[in-house]
Amino acid sequence: MTENSVQKNAAAKTPLNWTTVTFFTLVHILALLAPWYFSWQALGLTLFLHWLFGSIGICLGYHRLLSHRSFQVPKWLEYLIAVIGTLALQGGPIFWVAGHRLHHAHTEDEQEDPYSAKRGFWWSHMLWMLYPEAKFFDSDQYSRYAPDLARDPVYQWLNRYFLLLQIPLGVLLYGLGGWSFVIYGIFLRAVLLWHSTWFINSVTHMWGYRTFTTQDNSRNLWWAAILTYGEGWHNNHHAYPNVARAGWQWWEIDVTWWAIWLLKTLGLAKKVVKIPAHASPLLK
Ligand SMILES: [Zn+2]
Ligand SMILES: [Zn+2]
């Protein structure tokens, strides 16, 4: 079966969700206004928020801290990091964490992995959200896969109202730099951060080198690792999902690890899961 026919079959199962399609299309169109609102400050703001919401919010927060519990921080800090993750506009923490744990539990399974790369590049990159299968957007399923978050009222609140948090952010950015900051800090930043994150579900299950012979087709891909602050070392991550560090070799730059290391040095991150001794000799 060709990749295209797999995608068509997958798409045929569930209808297109027009609300989601309209939402993503609108945000992309507003991001395309960027050249008319350009300023160096606005570009700097985009890069800063891409790092803050992407590396700290998603990679360090939603992914390594909440999904894998690869280290621990005081509860107040965990909530603060989760709020930063929520601002990345990638869904609430319970939805994100449950989906990601499903991805690890059933990696590349065409039925059970929400963004299985076996269903083709576009499916794993974004179509899985545009043709939503009920079981991947189901609150009972979330509670099963993320019970630690689902019973916490703070996470319940963030999960329900994540979208609304863009409003105070937008008002703040408008006050600081007018429409230019809103276009760059909300819309352009959201689009760039979406596609960077989505590359982890698509390209790092297709291209790159493999350090570990895992059951899946996960790969280490340098340019994805740069765009995602270290998450592109995805083969290392699938081999040892609970290890806090994703880049293992000296050249595998892992910017998110630097932030975890800093938190550890400051005494704020504890129980940081290290690379196991038996795994190190596997690296040449
Ligand atoms: Zn993966
Ligand atoms: Zn993971």
Side-chain angles (χ1 to χ4, degrees), residues 54-72 78 81-82 85 88 90-129 136 141-142 145-146 148-149 193-225 227-248 252 254-257 259-260 271-276 279:
S55 183
I56 304 302
I58 296 295
C59 306
L60 185 148
Y62 271 22
H63 188 217
R64 301 190 203 183
L65 176 63
L66 297 180
S67 298
H68 294 293
R69 301 287 179 192
S70 64
F71 60 98
Q72 290 179 8
E78 184 183 300
I81 293 169
Q90 297 187 8
I94 302 173
F95 159 77
W96 202 104
V97 167
H100 189 72
R101 287 179 182 167
L102 262 171
H103 169 67
H104 277 276
H106 305 283
T107 309
E108 295 174 10
D109 185 295
E110 290 180 42
Q111 306 304 322
E112 303 298 330
D113 179 351
Y115 24 86
S116 170
K118 281 221 180 89
R119 293 172 76 166
F121 171 86
W122 285 108
W123 178 266
S124 56
H125 194 71
M126 61 189 294
L127 288 183
W128 68 277
M129 289 175 284
F136 299 136
Q141 179 92 313
Y142 300 160
Y145 278 84
D148 45 337
L149 303 189
L193 189 49
W194 279 339
H195 288 282
S196 318
T197 307
W198 298 344
F199 276 142
I200 300 305
N201 300 334
S202 53
V203 295
T204 61
H205 277 268
M206 290 174 185
W207 307 324
Y209 62 89
R210 282 164 67 75
T211 302
F212 298 101
T213 316
T214 50
Q215 298 292 312
D216 50 60
N217 191 35
S218 57
R219 307 268 163 167
N220 293 324
L221 188 60
W222 68 271
W223 60 263
L227 292 176
T228 58
Y229 311 96
E231 302 292 48
W233 311 118
H234 204 53
N235 174 249
N236 299 346
H237 176 60
H238 269 281
Y240 293 92
N242 298 327
V243 169
R245 190 171 172 170
W248 287 27
E252 293 177 342
D254 182 359
V255 174
T256 301
W257 165 249
I260 297 172
K271 297 189 179 171
V272 180
V273 180
K274 294 195 187 104
I275 294 173

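In each ligand, atom 1 is the first atom listed, and ligand 1 is the first ligand listed. Sequence positions, counted from 1, serve as the residue numbers for this chain.
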S.K.: Closest heavy-atom contact between Tyr229 and Asp254?
M.R.: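 In terms of heavy atoms, the two residues are closest at O-OD1, 3.4 Å.
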
S.K.: Check whether any N, O or S atom of His205, backbone or side chain, sits closer than 2.8 Å to the Zn ion (ligand 1).
M.R.: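 Checking His205: at least one N, O or S atom is under 2.8 Å.
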
S.K.: Taking only Lys NZ, Arg NE, NH1 and NH2, and the carboxylate oxygens of Asp or Glu, determine whether Asp148 and Arg69 approach each other closer than 4.0 Å.
M.R.: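 The answer is yes: the pair qualifies as a salt bridge.
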
S.K.: What is the name of the N/O/S atom in His104 that sits closest to the Zn ion (ligand 2)?
M.R.: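 Within His104, restricted to N, O or S, the Zn ion (ligand 2) is closest to atom NE2.
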
S.K.: At a threshold of 2.8 Å, where the distance has to be below it, does the Zn ion (ligand 2) have an N, O or S atom of His63 nearby?
M.R.: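 Within the cut-off used here (under 2.8 Å), His63 does place an N, O or S atom near the Zn ion (ligand 2).
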
S.K.: Can Gln90 and Thr197 be counted as having a side-chain donor-acceptor contact under 3.5 angstrom?
M.R.: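 Indeed, the side chains of Gln90 and Thr197 share at least one donor-acceptor pair under 3.5 Å.
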
S.K.: Could you tell me the angle subtended at the Zn ion (ligand 1) by NE2 of His238 and NE2 of His234, rounded to 10°?
M.R.: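 His238 NE2 and His234 NE2 form an angle of 100° at the Zn ion (ligand 1).
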
S.K.: Quick one about Ser196 and Thr228 (side-chain donor to acceptor, distance below 3.5 Å, no hydrogens or angles considered), yes or no?
M.R.: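 Ser196 and Thr228 do not have a side-chain donor-acceptor pair below 3.5 Å.
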
S.K.: Taking 4.0 angstrom as the limit, do Glu108 and Arg119 come out as a salt bridge?
M.R.: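 Answer for the salt bridge query: no.
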
S.K.: Quick check for you: with the Zn ion (ligand 2) as the vertex, what angle do NE2 of His68 and NE2 of His237 span, to 10°?
M.R.: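 Angle NE2(His68)-the Zn ion (ligand 2)-NE2(His237): 100°, rounded to 10°.
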
S.K.: The Zn ion (ligand 2) to His100: any N/O/S contact under 2.8 Å?
M.R.: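 It does; at least one qualifying atom falls short of 2.8 Å.
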
